[in-house]
Amino acid sequence: MGVALKDILEYEQIELSSISNKKIAIDSFNMLYQFLASIRQADGTSLTDSKGNITSHLKGLFNRCVYFKKNNIKAVFVFDGEAPKLKEKEREIRKKKKDEARIKYNLALENDDLKEAKKHAQALNRLTPEMVEDCKELISAFGFPVVCAPSEGEAQAGRLCNEGKVFAACSQDFDSLLFGTKYLIRNLSVSTKRKVPGSSVYRSVPIEFYSLDKILKKLNISLDELIIIAILCGTDFNPGGIKGIGPKKALKMVRDYKDRWDEIFKILDWHSYFNHTWVEVFNVFKQMKTENVEINFNTINKDKIREVLMKKDFDLMIDRSLNGIKNLKTLDSFF
């Protein structure tokens with residue numbers, strides 16, 4: 001879900017060249033779900049191999065890895081581990097939405113409305129353990145490191161960034177900032193255009209660069225206060241937040257009740273929305289488990305890339321795949 005903080009966060013628009021040759025921690029699940037949502041056939045169904053296994057994520061991942069290589073982006077792919085217990089409610093909400101989308105999708109197919117079917121199909125995404133392992137195998141074949149976080153990948157990416165092992169974290173969600181990530185990059189993708197949700201219109205999307213220190217200074221708040229604002233608006237650990245509270249209103253309340261956060265939650269009647277306390281949510285962000293990991297890059301293994309793709313019937317488009325690999329010829333010694 002992420003957190004709805006965009007209205008109060010300022011960013012710098014950067015060029016891709018400015019992060020060339022820099023190590024960037026990629027929020028892998030966030031990225032793969034984007035591929036599953038966007039890479040689909042006319043009726044909304046995912047790309048599959050001859051056995052019916054979904055391959056949309058691999059097509060997107062292959063193109064993204066080639067893109068990173070061509071532009072000298074030293075990607076470090078971070079994968080989620082065990083989800084915090086407080087995330088169970090968010091998972092229930094997501095499941096309910098998928099069930100509702102599946103009903104609407106089937107109805108649209110019955111009515112031969114492919115446009116409507118494709119819209120609802122995008123909500124049916126699911127990453128299986130097998131799909132995740134295929135992704136890790138392809139990433140490793142490109143020579144990029146794979147980091148398996150003990151819990152939330154965004155927290156692990158933040159630690160890598162703050163320890164100087166990577167330059168920045170990359171995700172479409174703002175949660176990374178709540179885990180203290182110094183620098184966040186959004187919209188780091190092959191295409192510079194993105195479809196406007198619920199329409200067929202595409203708009204140009206700049207690469208956004210967020211500096212946590214600059215954000216906190218501009219808003220005149222601390223990281224803890226930014227977390228409080230997020231909790232009021234809603235996070236994965238308290239979905240929906242407090243009714244009627246957006247980021248601007250939450251920011252005003254945090255400023256008005258400086259260091260008196262408990263008063264804010266009493267006034268807004270927190271316990272009429274949630275069974276657990278706001279402190280428990282706060283502590284998830286402050287105490288998220290991460291690990292000390294080393295980052296090691298390897299030489300690209302084109303034969304392994306071919307092997308991974310061929311297992312999923314990418315021989316149907318092998319010329320395109322091989323051409324992409326050939327373009328990497330001069331990058332064998334990239335690392």
Do S56 and F35 touch side chain to side chain, with heavy atoms closer than 4.5 Å? no
If I take atom CZ from residue R64 and atom OG from residue S28, how far apart are they, to the nearest 0.5 angstrom? 11.0 Å
For N275, does the CG atom sit with more than 12 other heavy atoms under 6.0 Å from it, leaving out its own atoms? no
Side-chain touch P84/S151, heavy atoms, less than 4.5 angstrom: yes
So, taking the atom named CG in L36 and the one named CE in M31, what distance separates them when rounded to the nearest 0.5 Å? 10.5 Å
Nearest heavy-atom contact between E154 and D175 is OE2-CB, 3.4 Å
Apply the test side-chain contact (heavy atoms from CB on, under 4.5 Å) to residues F68 and I26: give CA-CA distance (whole Å), side-chain angles for both, the deciding distance (0.1 Å), then the verdict. CA-CA 11 Å; F68 285 155; I26 308 297; 3.9 Å; yes
Looking only at heavy atoms, the pair that brings V308 and D134 closest together is CG1-O, 4.3 Å
Set out, in order, the CA-CA distance, both residues' side-chain angles and the distance that settles salt bridge (Lys or Arg N to Asp or Glu O under 4.0 Å) for E12 and K214, then state yes or no. CA-CA 10 Å; E12 298 174 46; K214 288 184 179 180; 3.0 Å; yes
Given 3.5 Å as the limit, does a donor-acceptor pair link the side chain of T55 with the main chain of L58, or not? no
Strictly distance-based, threshold 3.5 Å: is any side-chain N or O of Q156 a donor or acceptor partner for the main-chain N or O of E291? yes
For I54 and L47, what are the C-alpha separation, side-chain angles and deciding distance, and is it a side-chain contact (heavy atoms from CB on, under 4.5 Å)? CA-CA 6 Å; I54 293 174; L47 302 183; over 6 Å; no
Work out which heavy atom in T181 is nearest to a heavy atom in A169; give both atom names and the distance. CG2-CB, 3.7 Å
Exceeds 12 heavy-atom contacts within 6.0 angstrom, atom OH of Y257: no
Are the side chain of R255 and the backbone of L219 linked by a donor-acceptor contact shorter than 3.5 Å? yes
Mutual orientation of the aromatic rings belonging to W278 and F282 [parallel < 30°, tilted 30-60°, perpendicular > 60°]: perpendicular
With heavy-atom distances below 4.5 Å as the criterion, would you say the side chains of K311 and E137 are in contact? yes
Looking only at heavy atoms, which two atoms of A250 and I245 are closest? And how far apart? CB-CG2, 3.9 Å
Do the side chain of E133 and the main chain of E130 share a donor and acceptor less than 3.5 angstrom apart? no
dist D256:CG -> M253:CE (nearest 0.5 Å) comes out at 7.5 Å
Answer yes or no: is there a side-chain heavy-atom contact under 4.5 Å between P206 and Y11? yes
Do K182's NZ or CZ and the ring of Y210 fall within the cation-pi criteria of under 6.0 Å and 45°? no
Minimum heavy-atom separation for T235 and A230, please, with both atom names. CG2-O, 3.5 Å
Determine, using ring centers only, whether W270 and F274 are less than 6.0 Å apart. yes
I231 side chain reached by F237 side chain, heavy atoms, under 4.5 Å: no
For a quick check under 3.5 Å, do N187 and Q172 share a side-chain donor-acceptor pair by atom type? yes
Step-by-step salt bridge (Lys or Arg N to Asp or Glu O under 4.0 Å) determination, E280 to K85: CA-CA 11 Å; E280 290 177 87; K85 185 175 178 59; over 6 Å; no
Other residues, nucleotides and ligands only: do more than 12 of their heavy atoms fall within 6.0 Å of NZ on K22? yes
Whether over 12 other heavy atoms sit under 6.0 Å from E10 CD: no
Check the pair V279 / D262 against side-chain contact (heavy atoms from CB on, under 4.5 Å), numbers first and verdict last. CA-CA 9 Å; V279 176; D262 203 45; 5.6 Å; no
Any side-chain to backbone donor/acceptor pair from N301 onto D303? Under 3.5 Å, distance only. yes
Using the ring of F79 (Phe, Tyr or Trp, six-membered ring only), decide whether K136 places NZ or CZ under 6.0 Å from its centre and within 45 degrees of its axis. yes
Can we say D213 and K217 salt-bridge, meaning some charged N sits less than 4.0 Å from an Asp/Glu carboxylate O? no
Is the closest side-chain heavy-atom distance between L216 and L226 below 4.5 Å? yes
Indicate whether the side chain of K165 and that of N292 have a donor and an acceptor atom separated by less than 3.5 Å. yes
Could D224 and K286 be called an ion pair, given the rule that one side-chain N must be under 4.0 Å from one carboxylate O? yes
Cut-off 3.5 Å, side chains only: do S50 and D313 have a donor facing an acceptor? yes
Using atom types as modelled and distance alone, determine if a side-chain donor or acceptor of S38 lies under 3.5 Å from a backbone N or O of Q34. yes
Near K266 NZ, under 6.0 Å, is it more than 12 heavy atoms from other residues, nucleotides or ligands? no
Exam field: side chain D49 to backbone K51, donor-acceptor pair closer than 3.5 Å: yes
Side-chain heavy-atom pair N238, H276 within 4.5 angstrom cut-off: yes
What is the minimum heavy-atom distance between Y273 and K243, and which atoms define it? OH-CB, 3.4 Å
Is the Lys NZ or Arg CZ of K23 less than 6.0 Å from the centre of F167's six-membered ring, within 45° of the axis? no
Taking the side chain as C-beta and beyond, is there a heavy-atom pair between K312 and N53 under 4.5 Å? yes
Mind checking the CG-SG spacing from L32 to C135? Nearest 0.5 Å is all I need. 4.5 Å
dist E163:CD -> R159:CZ (nearest 0.5 Å) comes out at 4.5 Å
To the nearest 0.5 Å, what is the distance between OG (S176) and CG (L212)? 10.5 Å
Regarding K258 and E225, does a basic nitrogen lie under 4.0 Å from an acidic carboxylate oxygen? yes
Intermediate values then yes/no, side-chain contact (heavy atoms from CB on, under 4.5 Å), I295 and V147: CA-CA 8 Å; I295 303 301; V147 173; 3.9 Å; yes
